[in-house]
Amino acid sequence: MRQLTLNELENKFKDYISDVEYCEFSEVSNKLTQLIYFLKHQDISNRILERIENDYSEIKTKLPSDFNNIKSSEKRVIIQSLLTPDIQGAFAYFTILTKFNQEKKSTPHYIELSRYWYDKGRDFHEYQRTFNNYFLTPFKDLFLWYIYESNIVSDCDYFSHESRDKIEEQLLELKEMLIKQNYGQQVIFDEIDELKELTNRVNKKNWFEIIKGKFIDLALSEIISIEIAKTIIKTLTGSETNLLK
């Protein structure tokens, strides 16, 4: 499976989850299983799922591994603790994931979560509507928040659209600084433009390593000075390099 860029992943996720939302109830089990499988096998989306598990570990620990071993009173306490849309989204993901990990999947496999947790629905059509409202849509909204607005908190995190916008501004300021320092060569700007594009596909750790490699090479080729290379690396990564002496 080819690893998608952030933009490609966003579009594919929207397409897949829309298919789940508007398909016949008999198709939900297959389509949602395919969606979760896809998300787990894409580096960017799998990291988002890991972040959801880390960021909302408190709600995850409240959920049983087997839904058959939980009392009605315990379910009510869990439902009452879902006080914000993002917590609802995390709860939705964890319950969907529990179903995903079960080997046997019947027709109402996922949509029956609406009956189990909210005791709503008289038939499969009502199960599906309630499932979309309480599970599918909240999960979709939470996942897209990570794509659009989340900040990087770990070296293995990927860039969101918002963090990419901030980097784009930083790279533009870097270009202006280089021009003022009489380093306006196209080869330098090509490297900076590539750095911008790479935020669409690599994580923070790899991006930082690429930055160091690019500007160390430019310094060794005497296209820029060692001091300028050090300044650029420190500006973009926040750390100094000892590789240039």
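Atoms considered below: every heavy atom in the structure, side chains included; atoms not considered: hydrogens, waters and symmetry mates. Just so it is clear, the model here is predicted, and its values are computed rather than measured.
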Participant: Please determine if E8 and K12 form a salt bridge, counting it only when a charged side-chain N lies under 4.0 Å from a carboxylate O.
Facilitator: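 K12 and E8: not salt-bridged.
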Participant: Taking atom OH of Y148 as the centre, report whether more than 12 heavy atoms of other residues, nucleotides or ligands fall under 6.0 Å from it.
Facilitator: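 Correct, the count exceeds 12.
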Participant: Do S163 and S160 meet the criterion of a side-chain donor-acceptor pair at a distance under 3.5 Å?
Facilitator: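 S160 and S163 do have a side-chain donor-acceptor pair below 3.5 Å.
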Participant: What I want to check is whether the side chains of T5 and R201 have a donor and an acceptor closer together than 3.5 Å.
Facilitator: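 Short answer, no.
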Participant: Say whether H161 and E10, considering side chains only, have a donor N or O and an acceptor N or O under 3.5 Å apart.
Facilitator: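 On atom types as modelled, these side chains qualify, holding a pair under 3.5 Å.
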Participant: Quick one about Y146 and D55 (side-chain donor to acceptor, distance below 3.5 Å, no hydrogens or angles considered), yes or no?
Facilitator: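 A donor-acceptor contact under 3.5 Å links the two side chains.
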Participant: Would you say K205 has more than 12 foreign heavy atoms packed within less than 6.0 Å of its NZ?
Facilitator: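 Open.
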Participant: K120 and Y134: which non-hydrogen atoms are nearest, and at how many Å?
Facilitator: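 Minimum heavy-atom separation between K120 and Y134: NZ-OH, 2.8 Å.
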Participant: According to the interplanar angle, ranging from 0 to 90°, do the rings of F131 and F135 count as parallel (below 30°), tilted (30 to 60°) or perpendicular (above 60°)?
Facilitator: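 Rings of F131 and F135: parallel, under 30°.
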Participant: How are the rings of F139 and Y93 set relative to one another: parallel (under 30°), tilted (30 to 60°) or perpendicular (over 60°)?
Facilitator: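 Geometry flag for Y93 against F139: parallel rings.
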Participant: In this structure, are over 12 heavy atoms from other groups packed under 6.0 Å from D119 atom CG?
Facilitator: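 Atom CG in D119 is not crowded, with 12 or fewer foreign heavy atoms closer than 6.0 Å.
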Participant: Is K175 close enough and on-axis enough to F189, meaning under 6.0 Å and within 45°, for cation-pi?
Facilitator: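 The answer is yes; both the distance and angle limits are met.
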Participant: Is F94 close to E53 at the side-chain level, that is, under 4.5 Å between some pair of heavy atoms?
Facilitator: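 A side-chain contact under 4.5 Å exists here.
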Participant: With the threshold set at 4.0 Å, does a side-chain nitrogen-carboxylate oxygen contact exist between E74 and K71?
Facilitator: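 Salt bridge absent between E74 and K71.
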Participant: Does atom CD of Q186 have more than 12 heavy-atom neighbours from other groups under 6.0 Å away?
Facilitator: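 Buried by this count: over 12 neighbours within 6.0 Å.
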Participant: Under 3.5 Å, is there a donor-acceptor pair between the K204 and Y158 side chains?
Facilitator: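 No, Y158 and K204 have no side-chain donor paired with an acceptor closer than 3.5 Å.
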Participant: For the NZ atom on K62, are there more than 12 heavy atoms of other groups (residues, nucleotides or ligands in this structure) within a distance under 6.0 Å?
Facilitator: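 Yes - once you tally the heavy atoms of other residues, nucleotides and ligands closer than 6.0 Å, there are more than 12.
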Participant: Pick out which of T231, L195, I210, I226 makes a side-chain contact (heavy atoms from CB on, under 4.5 Å) with F215.
Facilitator: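 Going through T231, L195, I210, I226 one by one, the side-chain contact (heavy atoms from CB on, under 4.5 Å) with F215 is satisfied by L195 alone.
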Participant: Could you tell me whether the side chains of Y110 and T95 share a donor-acceptor contact shorter than 3.5 Å?
Facilitator: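 No, T95 and Y110 have no side-chain donor paired with an acceptor closer than 3.5 Å.
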